[in-house]
K.L.:
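I am attaching a structure below and will ask some questions about it afterwards.
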Amino acid sequence: MFEPWGVLVILIICPLLGGLPLIAWITYALKRKQLSQLGTKNISVSAAFYHGGKFVGILAVLSEALKGVAAVLLSRVFFPDGSSWELIALIALVIGRYWIGRGAGTTNVVWGFVVHDPLVAIFVSFFAGISFTILQSRKVVKFGVLLLFPLFVTLLHLNDIPRMLAAVALAALMAWIYTRIPDDMNLPAQEAQTESQAMLEFLRGDRTMVSLDEELNAAIVGEKAATLSQIKRWGYSVPKGWVLAPIDDPQGLTEFLQPSELSPLVVRSSAIGEDSENASAAGQYETVLNVTSPEALQTAIAKVKASYNHPSAVQYRRDRGLNDTAMAVLIQQQVQSVYSGVAFSRDPITQQGDAIIIEALPGSPMQVVSGKVTPEQYRAFVVETENSYSIQLEGEGRVPQGLIKQVAYLAYRLEKRYHGTPQDIEWSYDGQTLWVLQSRPITTLLPMWTRKIAAEVIPGVIHPLTWSINRPLTCGVWGELFTLVLGDRALGLDFAETATLHYSRAYFNASLLGDIFLRMGLPPESLEFLTRGAKLSKPSLQSTWENLPGLGKLLKRELSLEKDFKQDYHKRFIPGLSQLAQEDIDNLEPAKLLARIDFILELLRHGTYYSILAPLSAALRQAIFRVKDSQIDNSVTPEVAALRSLSGIATDAKQVLQEFEPQQVFEQLKQTPEGEKILEEFNELLQDYGYLSEVGTDISVPTWRENPQMIKQMFVQLMQGNEPQAGAKDAINSIFAVKRKRSFVQRRVDIKGRVTEVYSRLLAELRWSFVALEKVWLKSDLLKKTGDIFFLNFDEVRRLIVDEDASLIEQLDELVEFRRSQFVQDSEIIQIPFLVYGNTPPHPLAPSPLYSDQILQGIGASHGQAEGRVKVLRNLQDIPEIDRDTILVVPYTDSGWAPLLLRAGGLIAEAGGRLSHGAIVAREYGIPAVMDVRGATWILQDGQRVRIDGSRGIVELSNDLRPE
């Protein structure tokens, strides 16, 4: 009998039933504990016993047993008793239990099988009980059962091939899950709930020896052992080793290893929490070398374990707020070192630059880490291209240069393996092999802060008021989106730390984002892919499945984005902007201005959500449907629309003024009726787009309406110069033919443009409100200079209005002057590092430019090639003369920079990607552009000749330098 509806019900209902987190609910309801944040983070029966106690564990068993029984009974509604579909239902149940519920599904299968085939269940239980009594090994019994029950099914049901195959598939699935999921039984029994300890100790049995060849869990064996096992499995040379978990009896291992004079061992600590990103615990615990007998091994193990409770180690943990956990012990074959030392993949002293620091000496590595001997020091730089790499070395000594280069490349590769987290590596060389003895994060260089994405979101030097408003808005929305996907796995993440200021510039917390992406099962480069078009590796099927509920919620948001935005646009944003436009802010008192600001901020909270989700949605759809940049119409984007209008007005003006003086254009236009009409159109453009500014997200920067001089200059230059490049208009026209085919993507791009318009208008209204408030305070002598208000943060502004804070008023002048001085000092820093390590980075040093064959690499953002002379432009204070021989080199591009590109031959930017403002405008006008060229504004010099390739993302340098 075969029922299609039965198959559908089983394949849908059973995974959902398996994923139902009953154990988590029970444990939280009775013990207020989140299993997903404890121990191995499994949501399993053993976790319930371990963290919740016997009663919670029993309820967990009953809940999971009922699931298994329910799955079998469900299949019997559609299929005969004892059919293979009962086992398929259990398979579907286990899949949901693992990928959604984060458990192995053992209890589900055991009780489901009791109902499915009681005879086989009795036989298997009998053999399992005898085996455990004799062998006292859960691992052997666990995998033995997975061999036995398909065998018994085969023997008892020889004629039922589907049933036999289903039993084998179920056993194989369970075996695979057991190799993928950590076992709560391996956690220290003494840390379990008191009433569960005896049972857990019995069920644990005598553990088999654990070696570094296995995949180890840091929560059980410590970071040091777990990291070395990972590095060993990656293929690097790590001395053979074994691990004793905190409660393991060392007797069996010491009898097995039998150290001797010819085969000495080293006994090392691997405390839970040691060598982590939060604490290195360097030098806090014992290491015993040259262990040459079983007795010495026993003594060494005891000595290392005892060092966990040494007063200095206890104080170290207390000072850093670390919990007391337990000490695992790592035992390894001792390397007979010819040379050894340590390597830092980043300089821990200067905290910047790309130098790899290596300290080395002949002999044992303990000489270096002990600090009793001065090692030789080397600095190395690794330059890697697509097919090769080279190493530049600084320093000389007794250690062979070839070995130092080998160590440098090892450090470079391990840092890349750990997604850019700086590594402190202990190494040794025995004359043949370079061994990794230890690798841990350099805790003083954490967290890592990245400028890459932040430079696009809010570029330039940032005033305190701007940051106090932008940071909570941006971090709040990112936190909302990440929490939507992660669910309870977001616990413990502080999204307020997503961004910070260094050198008065915005940086994103790369360490936090990396942690978030790991929890989501996504590659670390995901955010850059979505916002900047970087390459993205595919997430694993397992991680996608685990995050399916959260990703489903995010997908629902994405699919409803257009509907939601249109609703908010008509019911919230348009009425709000109309209300703001009707107010005469120059006559409002401070209290009413504050109410106006709060109203704008409420609109911005909603607008920020769309300003983040709309670009992500557009980028994702463009990547999925493989729509080329040239096929996208960005005419809805405000700066593109403004440029088109400006270009059209300039063309008409040239018809009116055949000859003109550049400095007198506007006066000359006033002299004729046709010219007056041109000026009316120009003023209308300023009225329509006056909310734009040099930096759209920075409210301290004057808008075009306040400072129209730059637009006037560009208008004159357009009248003087040529039309946009030939082919650009054709490309624009061809866009509309493609638009119909790509409407699924184009609709998101259009929404992105509308969102940009709304968000920019709101920020402009916010700026004008603060400017009006500042005028009031300048008249009352509360502030001294124009622009002072932007050196306050928003909380201080509120305190001055609401509380009339006397202490703040008293120190206001000094506070503003101090921040102004710091702002000016930071503004003079030309070369800003893209990566910053630690929370208190030093003053940035000018890094040594490392490039080969006179080529700089970036991201190709607008196709085509161009050759010309460099013009470095770090701000928009003085706009230079630009022609088709000019290759503009800028730190970033925002809406204010867009008019400059109309007449340039090409664009090079230090920050940004294919979706940045400059890239969009460059594509619109057929100008080659290369973004994300690190250090471009200081490597390249005015007058230097370069050739750029916007397709390949490269800049070819020339030694031809003509001073200007």
K.L.:
Are Arg705 and Trp768 in a cation-pi setup, meaning NZ or CZ lies under 6.0 angstrom from the ring centre and within 45 degrees of the ring axis?
P.N.:
yes
K.L.:
Quick one: salt bridge (charged side-chain N to carboxylate O under 4.0 Å, His left out) pairs with a partner in residues 457-484, sequence neighbours left out?
P.N.:
Arg471-Glu497, Glu480-Arg557
K.L.:
Just checking, is any N or O donor in the side chain of Asn509 or Thr498 under 3.5 Å from an acceptor N or O on the other one?
P.N.:
no
K.L.:
Is Glu910 salt-bridged to Arg934, going by a charged N under 4.0 Å from an acidic O?
P.N.:
no
K.L.:
Are a donor atom and an acceptor atom from the side chains of Ser468 and Asn793 found within less than 3.5 Å of each other?
P.N.:
no
K.L.:
Just do the salt bridge (Lys or Arg N to Asp or Glu O under 4.0 Å) check on Arg748 and Glu558 with the steps written out, would you?
P.N.:
CA-CA 10 Å; Arg748 283 296 182 268; Glu558 195 279 337; 3.2 Å; yes
K.L.:
Under a 3.5 Å cutoff, is there a donor and acceptor pairing between the side chains of Asp564 and Ser560?
P.N.:
yes
K.L.:
Might you point out which heavy atoms bring Tyr689 and Ala641 nearest each other, and give the distance in Å?
P.N.:
OH-CB, 3.3 Å
K.L.:
Apply ring pair (Phe, Tyr, Trp, His ring centres under 6.0 Å) to Phe565 and list each qualifying residue two or more places apart in sequence or on a separate chain.
P.N.:
Tyr569, Tyr610
K.L.:
Just checking, is any N or O donor in the side chain of Gln351 or Asp347 under 3.5 Å from an acceptor N or O on the other one?
P.N.:
no
K.L.:
Among Ile699, Val816, Ile462, Val701, exactly one meets side-chain contact (heavy atoms from CB on, under 4.5 Å) together with Phe790. Which residue is that?
P.N.:
Ile699
K.L.:
Verify whether one side chain among Tyr507 and Thr450 offers a donor that lies under 3.5 Å from an acceptor in the other.
P.N.:
no
